[in-house]
Amino acid sequence: MFQWNTRVYFEDTDSGNVVYHANYLKFMERARTEWLRSLGLNQTKLKNEDKVMFVVRKINIQYKMPARFNDQLLVHTDRIKITDYSIILNQNIFRDTAIITQGQVEIVCINSDTFKPVRIPKMTKQLMETI
């Protein structure tokens, strides 16, 4: 499991100082980016040299309780399944020990020029299988 910390800033909230629903997706996206970085994967290099990108195909999210301005959050990212073309991750957002948001994200590997599905590069897949 990969873990990434973030804080809720004023810009993340609505007029009631509660995190706007779409911003939980941003927290999850940032955690996925940091997960790839922790594996030594550079998304710019993957796009420019290997001609692959990872895009969200499907997401299922459940909001359990709100996060508020100044909360310290922890995003857990767990690999559920990886195939030649896609990866499914569970991403849960915690405040202290309470799960406030649960998400399952399906990511697909595409060619950066054609936007058509392609196999995940072998070395990239091997690194992703480590979590």
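Because the structure is predicted, anything quoted here is derived from the model rather than measured.
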How many angstroms lie between [atom1] in [X] and [atom2] in [Y], if you round to the nearest 0.5 Å?
{"X": "Ile82", "Y": "Met128", "atom1": "CD1", "atom2": "CE", "result": "5.5 Å"}
{"X": "Asn111", "Y": "Arg119", "atom1": "CG", "atom2": "CZ", "result": "14.5 Å"}
{"X": "Gln104", "Y": "Asn92", "atom1": "CD", "atom2": "CG", "result": "10.0 Å"}
{"X": "Ile80", "Y": "Leu89", "atom1": "CD1", "atom2": "CG", "result": "7.5 Å"}
{"X": "Leu127", "Y": "Lys122", "atom1": "CG", "atom2": "NZ", "result": "12.5 Å"}
{"X": "Thr33", "Y": "Gln43", "atom1": "OG1", "atom2": "CD", "result": "4.5 Å"}

For residues [X] and [Y], determine if any side-chain heavy atom of one lies less than 4.5 Å from a side-chain heavy atom of the other.
{"X": "Pro117", "Y": "Ser86", "result": "no"}
{"X": "Lys64", "Y": "Ile100", "result": "no"}
{"X": "Ile107", "Y": "Val56", "result": "yes"}
{"X": "Lys51", "Y": "Val118", "result": "no"}
{"X": "Arg57", "Y": "Tyr85", "result": "no"}
{"X": "Trp4", "Y": "Thr77", "result": "no"}
{"X": "Asp12", "Y": "Phe69", "result": "no"}
{"X": "Lys125", "Y": "Asp84", "result": "yes"}

Atom of [X], atom of [Y] and distance for their closest heavy-atom approach:
{"X": "Arg68", "Y": "Val19", "answer": "N-CG2, 4.4 Å"}
{"X": "Arg7", "Y": "Gln72", "answer": "NH2-OE1, 2.9 Å"}
{"X": "Ile88", "Y": "Glu106", "answer": "CG1-CG, 4.1 Å"}
{"X": "Lys47", "Y": "Ser112", "answer": "O-OG, 3.1 Å"}
{"X": "Ala67", "Y": "Tyr24", "answer": "N-OH, 2.9 Å"}
{"X": "Ala98", "Y": "Met65", "answer": "CB-CE, 4.2 Å"}

Only one of Phe27, Phe94, Phe2 forms a ring pair (Phe, Tyr, Trp, His ring centres under 6.0 Å) with His76, so which one is it? Phe94
Hydrophobic clusters here meaning ILVMFWY residues chained together by side-chain heavy-atom distances under 4.5 Å, can you tell me if [X] and [Y] are in one?
{"X": "Val18", "Y": "Val8", "answer": "no"}
{"X": "Ile120", "Y": "Val52", "answer": "yes"}
{"X": "Ile110", "Y": "Leu46", "answer": "no"}
{"X": "Ile87", "Y": "Ile59", "answer": "yes"}
{"X": "Phe115", "Y": "Val55", "answer": "yes"}

Would Val75 and Arg30 count as a side-chain contact (heavy atoms from CB on, under 4.5 Å) if you check the C-alpha gap in whole Å, the side-chain angles of each, and the deciding distance to 0.1 Å? CA-CA 9 Å; Val75 183; Arg30 292 171 190 161; over 6 Å; no
With a 4.0 Å cut-off on N to O distance, would you call Arg32 and Glu29 a salt bridge? yes
So does Tyr63 have more than 12 non-hydrogen atoms from other groups sitting under 6.0 Å from OH? yes
Should Leu41 and Phe54 be marked as a side-chain contact (heavy atoms from CB on, under 4.5 Å) after you check the CA-CA gap, both sets of side-chain angles, and the distance that decides it? CA-CA 12 Å; Leu41 295 171; Phe54 294 98; 6.0 Å; no
Any donor-acceptor N/O pair, Thr101 side chain to Ile93 backbone, under 3.5 Å: no
